[in-house]
Amino acid sequence: MALHDQTRKTASGDSGKAASGESGEIASRLLAWYDAHHRDLPWRVAPRELARGIRPDPYRVWLSEVMLQQTTVEAVKSYFRAFVEKWPDIEALAASPTEDVMKAWAGLGYYSRARNLKACADLVARQGGRFPVTQAGLRELPGIGAYTAAAIAAIAFDRPAAVVDGNVERVVSRLFSIVTPLSEAKSDIRTYVERMVPATRPGDFAQAMMDLGATICTPRRPRCMLCPLREDCSAIISGDAERFPVRLPKGEKPLRRGAAFVAVRGDGAILLRKRGDKGLLGGMTEVPTTGWTARIDGAT
Ligand code: SF4
């Protein structure tokens with residue numbers, strides 16, 4: 001279906017058509033660019049390798065996608081290499097104590113991801129070591145939400161899934177000059193992506209969109225003159241691509257305060273406790289603290 005069939009609110013006031021082109025043309029332009037300019041990432045099987053018959057390892061795709069939740073590519077690279085060296089497959093990770101996984105994860109943040117990673121490895125290993133191939137099946141696993149399920153289905157199994165992260169939201173908002181605030185436009189953006197996903201190479205398409213958002217259609221000063229989609233992009237016509245995605249003004253965040261207590265034993269040891277498994281920094285060790293409060297008098 002042509003993209004301009006979609007009726008929605010765009011800056012140009014038309015029916016949502018990009019400056020030119022249909023979904024198939026956008027996908028083929030993007031894939032041609034990806035073939036030449038893709039990023040080399042330690043978890044990625046490049047187009048030239050795919051052409052030689054090398055298939056993505058679902059374990060590595062899953063591991064990278066979980067690590068990349070809330071974390072940058074640069075921060076993840078060294079952790080990914082260390083994990084696959086220590087635990088080359090899901091059975092090895094499942095056989096390892098949770099404490100070891102938490103230690104290897106230390107520094108990546110959002111520690112509930114590490115606990116879910118281990119729980120997921122345990123479950124998949126118990127079920128024969130094979131990941132489900134569908135988004136619905138993947139979402140049944142611990143720590144795998146809608147985005148991660150779509151990314152694994154597309155990249156590991158070449159399923160035509162719409163993979164929509166912040167980079168992709170930005171690219172699509174600009175391609176179609178979507179003036180609806182991003183928080184309200186997410187389902188429309190997903191529809192656009194669903195229509196663009198090609199029947200062949202959907203995994204490469206997902207990764208190409210990610211790469212375009214990370215390297216060309218960046219939040220500040222997008223490099224439109226190098227963009228393979230400049231002929232399709234309505235934001236470039238307006239000359240103000242940075243205007244998109246449109247965001248509602250942020251509400252003021254409350255400032256919260258707490259107190260930490262450092263107790264030193266006579267022999268110099270510092271007394272620590274383990275946090276509960278759920279919530280902020282769950283399962284990590286810490287010096288004892290009060291709760292966090294926004295009240296000036298410290299009351300909760
Ligand atoms: S032409 Fe510019 S704004 Fe449009 S998708 Fe490409 S980089 Fe983004």
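Just follow the structure's listing: the first ligand is 1, and inside any ligand the first atom is 1. Numbers here simply count residues along the sequence, with the first being 1. Not measured: the values here are computed from a predicted model.
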With a 3.5 Å cut-off and sequence neighbours excluded, list the donor-acceptor pairs that the side chains of residues 74-86 form with protein atoms.
residue : atom : partner : partner atom : Å
Glu74   : OE2  : Lys77   : NZ           : 3.0
Tyr79   : OH   : Ala106  : O            : 2.9

Subject >> Co-members of the apolar cluster containing Leu272 [side chain, <4.5 Å] >> reply: Val262, Val264, Ile270, Val287
Original post:
Can you list every salt bridge (Lys or Arg N to Asp or Glu O under 4.0 Å) pair that touches residues 42-58, not counting sequence neighbours?
Top reply: Asp40-Arg48, Arg44-Asp211
Subject >> Near atom 2 (Fe) of ligand 1 (under 2.8 Å) - protein N, O or S atoms >> reply: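 Result, waters dropped: Cys224 SG.
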Subject >> Presence of salt bridge, Arg29 and Glu25, under 4.0 angstrom >> reply: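 A salt bridge is present here (some side-chain N lies under 4.0 Å from a carboxylate O).
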Original post:
Does one side chain, of Asn167 or Arg170, offer a donor that lies under 3.5 Å from an acceptor on the other?
Top reply: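 The criterion, which ignores hydrogens and geometry beyond distance, is satisfied for Arg170 and Asn167.
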Subject >> Straight-line distance of Met209 CE to Leu229 CG, nearest 0.5 Å >> reply: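 Result: 7.5 Å between the selected atoms.
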